[in-house]
Protein chains: 4
Amino acid sequence: MPVKPKWERLADHIRGQIESGELAPGDQLPSTVQLKAQHGVSTTVVRQAILVLQTQGWVQGVHGLGVFVADR
Amino acid sequence: MPVKPKWERLADHIRGQIESGELAPGDQLPSTVQLKAQHGVSTTVVRQAILVLQTQGWVQGVHGLGVFVADR
Amino acid sequence: MPVKPKWERLADHIRGQIESGELAPGDQLPSTVQLKAQHGVSTTVVRQAILVLQTQGWVQGVHGLGVFVADR
Amino acid sequence: MPVKPKWERLADHIRGQIESGELAPGDQLPSTVQLKAQHGVSTTVVRQAILVLQTQGWVQGVHGLGVFVADR
DNA sequence: GTGGTCTAGACCACG
DNA sequence: GTGGTCTAGACCACA
């Protein structure tokens with residue numbers, strides 16, 4: 001029985017936080033290290049989740065600073 | 001008529017803040033850039049003031065972080 | 001698709017200015033602060049770019065004075 | 001009295017380990033995280049040390065794997 | 001007021 | 001979980 005990959009569930013989780021307003025445009029997401037610890041996943045899972053959210057325009061990564069919720 | 005050099009007056013000023021408790025042990029001093037602006041002096045003056053306070057044991061510079069009031 | 005690092009692009013830019021004669025031997029490069037502002041990058045990127053140009057012999061940094069185009 | 005920069009002392013240390021045979025060609029160096037912890041320095045210092053050793057041909061970094069002592 | 005060193009900690013690319 | 005890039009901003013050494 002197929003299960004959603006971990007990165008997809010993590011992406012869904014963060015997307016939900018944005019849609020609910022828990023994370024507002026301009027807010028900084030927890031760092032990748034924090035997300036790893038909070039969700040008990042690996043770097044790759046976090047990166048993949050962030051990546052899809054970036055390509056979908058939900059968040060934007062700024063090198064050396066962090067990942068931020070995009071203005072829409 | 002001889003006047004105290006600027007760096008000595010600045011050092012006196014900071015030492016006074018420490019002695020009065022305005023700056024407590026472990027507190028971070030304003031950055032060199034801030035001290036320059038606040039007192040209208042050059043880099044050299046600030047550095048010289050910090051230098052004498054360091055050699056006298058009042059403060060301690062930590063590379064990349066800042067200058068801190070020493071424990072006594 | 002591979003992207004060149006910022007420091008490499010900056011180094012290429014400066015090297016190009018030297019090869020084109022826009023910057024002649026003995027000329028002073030813009031200061032690190034100016035380069036940061038002009039290219040919208042951080043200290044590290046500028047330093048890294050200057051560093052490789054120094055090791056390749058294109059420029060020479062003189063402490064307290066500036067960075068200069070080397071004689072070749 | 002001139003003090004060597006931290007990155008240079010670290011580079012010297014590693015180069016010494018290679019010359020003494022403590023680190024043989026093909027051996028993997030400690031990870032950057034370990035080097036940071038072992039020597040109590042920041043990322044920049046470790047990277048700078050590795051960088052010069054790479055440019056001098058002592059070691060070779062392989063992305064995603066580690067840094068290895070080069071064959072000579 | 002310049003170049004040089006350094007910290008803390010972030011994201012990015014790769015295996 | 002590694003190496004590599006990057007930010008912001010600090011002190012240090014020199015002229």
Side-chain angles (χ1 to χ4, degrees), chain A residues 28-36 42-44 46-48 50-51 54 59-68, chain B residues 28-36 42-44 46-48 50-51 54 59-68, chain C residues 1-10 28-36 40-51 54 59-68, chain D residues 1-10 28-36 40-51 54 59-68:
Chain A
Q28 181 171 1
L29 266 63
S31 75
T32 57
V33 175
Q34 287 175 319
L35 287 173
K36 275 174 59 177
S42 70
T43 305
T44 309
V46 173
R47 293 279 322 131
Q48 180 76 357
I50 299 289
L51 181 60
Q54 279 194 87
V59 302
Q60 176 148 14
V62 181
H63 212 141
L65 286 183
V67 178
F68 300 85
Chain B
Q28 181 171 1
L29 267 63
S31 75
T32 58
V33 175
Q34 287 176 318
L35 287 172
K36 275 175 59 177
S42 69
T43 305
T44 309
V46 173
R47 293 280 320 132
Q48 181 74 358
I50 298 289
L51 181 61
Q54 279 193 87
V59 301
Q60 176 148 11
V62 181
H63 213 143
L65 285 183
V67 178
F68 300 84
Chain C
M1 160 182 132
V3 237
K4 278 191 180 182
K6 289 186 181 179
W7 63 261
E8 192 168 353
R9 281 184 286 164
L10 177 53
Q28 181 170 0
L29 267 65
S31 75
T32 59
V33 176
Q34 287 175 319
L35 288 172
K36 278 172 58 178
V41 293
S42 72
T43 306
T44 309
V45 172
V46 173
R47 296 271 332 128
Q48 179 82 344
I50 299 289
L51 181 62
Q54 281 193 84
V59 301
Q60 176 149 11
V62 181
H63 208 147
L65 285 180
V67 178
F68 301 86
Chain D
M1 162 182 133
V3 226
K4 278 192 179 181
K6 288 185 182 181
W7 62 262
E8 192 167 353
R9 281 184 286 164
L10 177 52
Q28 181 171 1
L29 267 63
S31 74
T32 59
V33 176
Q34 287 175 318
L35 288 172
K36 279 171 58 178
V41 294
S42 71
T43 306
T44 309
V45 172
V46 173
R47 296 271 332 127
Q48 179 81 348
I50 299 289
L51 181 62
Q54 281 193 85
V59 301
Q60 177 150 10
V62 182
H63 207 147
L65 283 183
V67 178
F68 300 85

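Note that the coordinates shown come from a computational prediction; the quantities given were computed from them, not determined experimentally. Chain A is the first sequence line, chain B the second, and so forth, proteins listed ahead of strands; every chain is numbered from 1.
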Side chain to side chain contact (heavy atoms under 4.5 Å, CB included) partners for [X], two or more places apart:
X: B:Val33; answer: B:Ser31
X: B:Thr32; answer: B:Val46
X: A:Gln28; answer: A:Phe68
X: C:Val67; answer: C:Leu29, C:Ile50, C:Val59

- prompt: More than 12 heavy atoms of other residues, nucleotides or ligands under 6.0 Å from CD of D:Glu8: is that the case?
  reply: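 Above 12, so yes.
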message: Around atom CD of B:Gln60, are there more than 12 heavy atoms from other residues, nucleotides or ligands closer than 6.0 Å?
response: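 It does not: B:Gln60 CD has 12 such atoms or fewer within range.
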Figure out the [atom1]/[atom2] separation between [X] and [N], and round it to whole Å.
X: D:Leu51; N: E:dC6; atom1: CG; atom2: P; result: 14 Å
X: D:Leu29; N: F:dG3; atom1: CG; atom2: P; result: 9 Å
X: D:Arg9; N: E:dC6; atom1: CZ; atom2: C1'; result: 12 Å
X: D:Leu10; N: E:dC6; atom1: CG; atom2: P; result: 10 Å
X: B:Leu65; N: F:dA8; atom1: CG; atom2: P; result: 18 Å
X: D:Gln60; N: F:dG3; atom1: CD; atom2: P; result: 14 Å
X: C:Glu8; N: F:dT5; atom1: CD; atom2: P; result: 8 Å
X: D:Leu35; N: E:dT7; atom1: CG; atom2: C1'; result: 17 Å

Side-chain N or O of [X] versus OP1/OP2 of [N]: is the shortest distance under 4.0 Å?
X: B:Arg47; N: F:dC12; result: yes
X: D:Thr44; N: E:dC6; result: no
X: C:Lys36; N: F:dG9; result: no

message: Stem list for DNA chain F, please, built from Watson-Crick and G-U wobble pairs under 3.5 Å and keeping only runs of at least 3.
response: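 The stems are E:1-14 with F:1-14.
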- request: Find which nucleotide of DNA chain E each of D:Ser42 and C:Pro30 is nearest to by heavy atoms, and output the residue with the more 5' nucleotide.
  value: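 Mapping each residue to its closest nucleotide by heavy atoms, the 5'-most match is C:Pro30.
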Measure from the side chain of [X], starting at C-beta and using heavy atoms only, and say which of [options] lies closest.
X: C:Ile50; options: F:dC11, E:dG4, E:dC11; answer: E:dG4
X: B:His63; options: F:dC11, F:dT2, F:dA8; answer: F:dC11
X: B:Gln54; options: F:dC11, F:dT5, F:dC12; answer: F:dC12

message: I'd like to check D:Leu51 versus D:Gln48 (side-chain heavy atoms, cut-off strictly below 4.5 Å). Are they in contact?
response: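 Result yes, sub-4.5 Å side-chain heavy-atom pair found.
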task: Check side chain to side chain donor-acceptor pair (under 3.5 Å) between C:Lys6 and all other residues, then give those that pass, not counting sequence neighbours.
output: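 Once residues adjacent in sequence are excluded, C:Lys6 has no partner under the side chain to side chain donor-acceptor pair (under 3.5 Å) criterion.
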query: With sugar-phosphate meaning primed atoms plus P, OP1 and OP2, does B:Val67 contact a base, only sugar-phosphate, or nothing at under 4.0 Å between heavy atoms?
result: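 Sugar-phosphate, backbone atoms only, no base.
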message: Using a heavy-atom cut-off of 4.0 Å across all strands, would you classify A:Thr43 as base, sugar-phosphate, or nothing?
response: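 The residue A:Thr43 makes base contact.
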field: C:Val62 vs C:Val45, nearer the 5' end of DNA chain F by closest nucleotide
entry: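 Going by which nucleotide is closer to the 5' end, it is C:Val45.
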